[in-house]
*Asks:* 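The structure under discussion is supplied below as structure tokens; questions concerning it will follow.
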Amino acid sequence: MSISRVSQVLFSCVSHAARKPQQLIAPAIRYYSCQTDSYEFIKVEAKGEKKNVGIITLNRPKALNALCDQLMNEVNHALEHFNSDSSIAAVVITGNEKAFAAGADIREMKDNSFATNLKQNFIGHWSGVANSKKPLIAAVNGYALGGGNELAMMCDIIYAGEKAKFGQPEIAIGTIPGAGGTQRLPRAIGKSKAMEMVLTGNMISAEEAVTSGLVSKVFPADKVVEEAVKLGEKIASHSPLVVALAKEAVNSAYETTLHQGIQFERRLFHSTFSLADRKEGMAAFLEKRAPNYTNQ
């Protein structure tokens, strides 16, 4: 696909007319179980046999789920609630079959200045997604371009549909990625491939993405969310405390030297021996039974 076509796809979004002010939600409300009207640009629910996997669905279909500031505020707000809910073990972020998210909302940023961006720390809060305490799974169908690819990379695991497309085509409109594309992409797929994608704006297919290590697995489009929920349920079968430690340990590999990372991992490993869940897990294994974790 040509760069011009990529840019058309990435920025084919339209501004939402007469945007309603963002509504605040009482923390006590289990909004995701029934009150999906509480947000304007996302839908939120709980899925799985035990309703222990949170689902955040990006919902700007006419704009190919373009990431405007309000949408990202809503995503972060929903994640805060999922992170504070002990019944939720993992969270899936998804879009629709046409687009996970086809980039940032160009209409929202086109008149920004350097000074404005600095004063407002423009898109700075988007990275809050990457700070989720609980595991995040991106279930990607269609286009994950620009900010959409960056949002997927903020998640811990990416599952993709067979026709998914990934890319960083900001170069085609005179700018560069701003939400981690130049930093997370090389860490995921290596410098050469990442540089090619960033400097040309070219997209890669789901198969290329899984081969390069950007994506964990590829499924038929209509099975991606279902498989992501199954993955969340598998994660939910383990101790939430130990899952959190494991996630922290893996993430530290991107921030430290190998020596520092191994030391950090070892201390976290040692710390698990203070947990009742570690004792239960080992006892259950030796007794050939399913563990009964209490998150302690």
*Asks:* Roughly how far, to the nearest 0.5 Å, is CD1 of Ile56 from NZ of Lys43?
*Replies:*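 Nearest 0.5 Å value for the NZ-CD1 distance: 14.5 Å.
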*Asks:* Taking only residues two or more places apart in sequence or in another chain, which ones pass salt bridge (Lys or Arg N to Asp or Glu O under 4.0 Å) with Lys47?
*Replies:*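 So Lys47 forms no salt bridge (Lys or Arg N to Asp or Glu O under 4.0 Å) with any residue.
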*Asks:* Determine, stepwise, if the pair Ile93 / Val129 fulfils side chain to side chain contact (heavy atoms under 4.5 Å, CB included).
*Replies:* CA-CA 10 Å; Ile93 300 179; Val129 173; 4.2 Å; yes
*Asks:* Does the side chain of Glu97 pick up a donor-acceptor pair with the side chain of Asn141 at under 3.5 Å?
*Replies:*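 Looking only at side-chain atoms, Asn141 and Glu97 do not form any donor-acceptor pair under 3.5 Å.
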*Asks:* Tell me the closest heavy-atom pair linking Val243 and Pro135, and the distance in Å.
*Replies:*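 It is CG1-CG, 3.5 Å.
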*Asks:* Do you see a donor-acceptor pair shorter than 3.5 Å between the side chains of Thr211 and Glu208?
*Replies:*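 Checked: Thr211/Glu208 side chains show no N/O donor-acceptor pair below 3.5 Å.
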*Asks:* List the atom of Leu79, the atom of Ser132, and the distance in Å for their closest heavy-atom pair.
*Replies:*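 Between these two residues, the closest heavy atoms are CD2-OG, 4.4 Å.
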*Asks:* Any chance you could lay out the side-chain hydrogen bond (donor to acceptor under 3.5 Å, both in side chains) test for Glu255 and Ser252, step after step, and finish with the verdict?
*Replies:* CA-CA 5 Å; Glu255 308 294 338; Ser252 74; over 6 Å; no
*Asks:* Report the distance from atom CD of Gln183 to atom OG of Ser127, rounding to the nearest 0.5 Å.
*Replies:*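 One finds 12.5 Å between CD of Gln183 and OG of Ser127.
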*Asks:* Are the side chain of Thr256 and the backbone N or O of Ala253 linked by a donor-acceptor pair below 3.5 Å?
*Replies:*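 A pair under 3.5 Å: no.
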*Asks:* Are any of the side-chain heavy atoms of Phe100 and Leu145 separated by less than 4.5 Å?
*Replies:*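 A side-chain contact is absent here, since even the closest heavy-atom pair is not under 4.5 Å.
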*Asks:* With a 4.5 Å limit on heavy-atom distance, are the side chains of Phe41 and Asn59 in contact?
*Replies:*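 Not touching, per the 4.5 Å side-chain cut-off.
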*Asks:* Considering all heavy atoms of both residues, which atom of Lys51 and which atom of Ile88 are nearest to each other, and what is their separation?
*Replies:*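 Looks like O-CD1, 3.7 Å.
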*Asks:* Can a donor-acceptor pair be found between the side chains of Asn76 and His125 at a distance below 3.5 Å?
*Replies:*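 No, no side-chain donor-acceptor contact under 3.5 Å.
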*Asks:* Between CG of Asn202 and CD1 of Ile171, what distance do you get to the nearest 0.5 Å?
*Replies:*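 Interatomic distance, Asn202 CG to Ile171 CD1, rounded to 0.5 Å: 11.5 Å.
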*Asks:* Could you tabulate the donor-acceptor pairs under 3.5 Å formed by side-chain atoms of residues 218-227, not counting sequence neighbours?
*Replies:*
none

*Asks:* Is there a donor-acceptor pair closer than 3.5 Å between any side-chain N or O of Glu233 and the backbone N or O of Val53?
*Replies:*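 No, the answer is negative, given that no donor and acceptor are paired below the 3.5 Å cut-off.
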*Asks:* Tell me, do Ile189 and Met197 make a side-chain contact under 4.5 Å, heavy atoms counted?
*Replies:*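 With C-beta onward as the side chain, the pair touches.
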*Asks:* For Ile173 and Ile106: C-alpha separation, side-chain torsions, deciding distance, then whether side chain to side chain contact (heavy atoms under 4.5 Å, CB included) applies.
*Replies:* CA-CA 10 Å; Ile173 58 163; Ile106 194 64; 3.6 Å; yes
*Asks:* Side chains of residues 153-162: which donor-acceptor partners sit under 3.5 Å, not counting sequence neighbours?
*Replies:*
residue	atom	partner	partner atom	Å
Asp156	OD2	Leu136	N	2.8
Asp156	OD2	Lys247	NZ	2.9

*Asks:* Taking only residues two or more places apart in sequence, or in another chain, which ones meet Gln263 in a side-chain hydrogen bond (donor to acceptor under 3.5 Å, both in side chains)?
*Replies:*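 Partners of Gln263 under the side-chain hydrogen bond (donor to acceptor under 3.5 Å, both in side chains) test: none.
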*Asks:* Using residues 267-281 as the side-chain source, report each donor-acceptor pair under 3.5 Å to any protein atom, sequence neighbours left out, with the distance given to one decimal.
*Replies:*
residue	atom	partner	partner atom	Å
Arg267	NH1	His270	ND1	3.2
Ser271	OG	Leu268	O	2.6
Thr272	OG1	Phe269	O	2.6
Ser274	OG	Ser271	O	2.7
Asp277	OD1	Thr294	N	2.9
Asp277	OD1	Asn295	N	3.3
Asp277	OD2	Ser239	OG	2.7
Asp277	OD2	Asn295	N	3.0
Glu280	OE1	Arg289	NH2	3.2
Glu280	OE2	Arg289	NH1	2.7
Glu280	OE2	Arg289	NH2	3.4
Glu280	OE2	Asn292	N	2.8

*Asks:* Less than 4.5 Å apart, any side-chain heavy atom of Pro61 and any of Lys98?
*Replies:*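 Of all side-chain heavy-atom pairs linking Lys98 with Pro61, none is under 4.5 Å.
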*Asks:* If you take all heavy atoms of Phe166 and Ser205, which pair is closest and at what distance?
*Replies:*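 Of all heavy-atom pairs spanning Phe166 and Ser205, the closest is CD1-O, 4.4 Å.
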*Asks:* In this structure, would Tyr293 and Leu241 fall into the same cluster of hydrophobic residues linked by side-chain contacts under 4.5 Å?
*Replies:*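 Hydrophobic grouping puts Tyr293 apart from Leu241.
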*Asks:* With side chain to side chain contact (heavy atoms under 4.5 Å, CB included) as the test, would you mind laying out the steps for Lys217 and Val210 before giving the verdict?
*Replies:* CA-CA 6 Å; Lys217 292 181 181 178; Val210 76; 5.5 Å; no
*Asks:* Measure across Glu150 and Pro177 and return the closest heavy-atom pair with its distance rounded to 0.1 Å.
*Replies:*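 Glu150 and Pro177 have their closest heavy atoms at OE2-CB, 3.2 Å.
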*Asks:* Please tell me if the side chains of Thr94 and Leu58 come closer than 4.5 Å, counting only heavy atoms from C-beta onward.
*Replies:*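 Thr94 vs Leu58: side chains apart.
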*Asks:* Suppose we screen for side-chain hydrogen bond (donor to acceptor under 3.5 Å, both in side chains). Which residues come up paired with Ser113, at least two apart in sequence or across chains?
*Replies:*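 Once residues adjacent in sequence are excluded, the partners of Ser113 under the side-chain hydrogen bond (donor to acceptor under 3.5 Å, both in side chains) criterion are Thr116.
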*Asks:* Quick check: do Val140 and Asn149 have side-chain heavy atoms less than 4.5 Å from each other?
*Replies:*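 Contact flag for Val140/Asn149 side chains = no.
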*Asks:* For Ala179 and Trp126, which heavy atoms make the closest approach, and how far apart are they?
*Replies:*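 Nearest pair, atom of Ala179 first, then Trp126: CB-CE3, 4.1 Å.
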*Asks:* Side chains of Arg60 and Asp105: does their closest heavy-atom pair fall under 4.5 Å?
*Replies:*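 A side-chain contact under 4.5 Å exists here.
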*Asks:* Any non-hydrogen side-chain atom of Tyr254 less than 4.5 Å from a side-chain atom of Arg184?
*Replies:*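 Sidechains of Arg184 and Tyr254: no contact.
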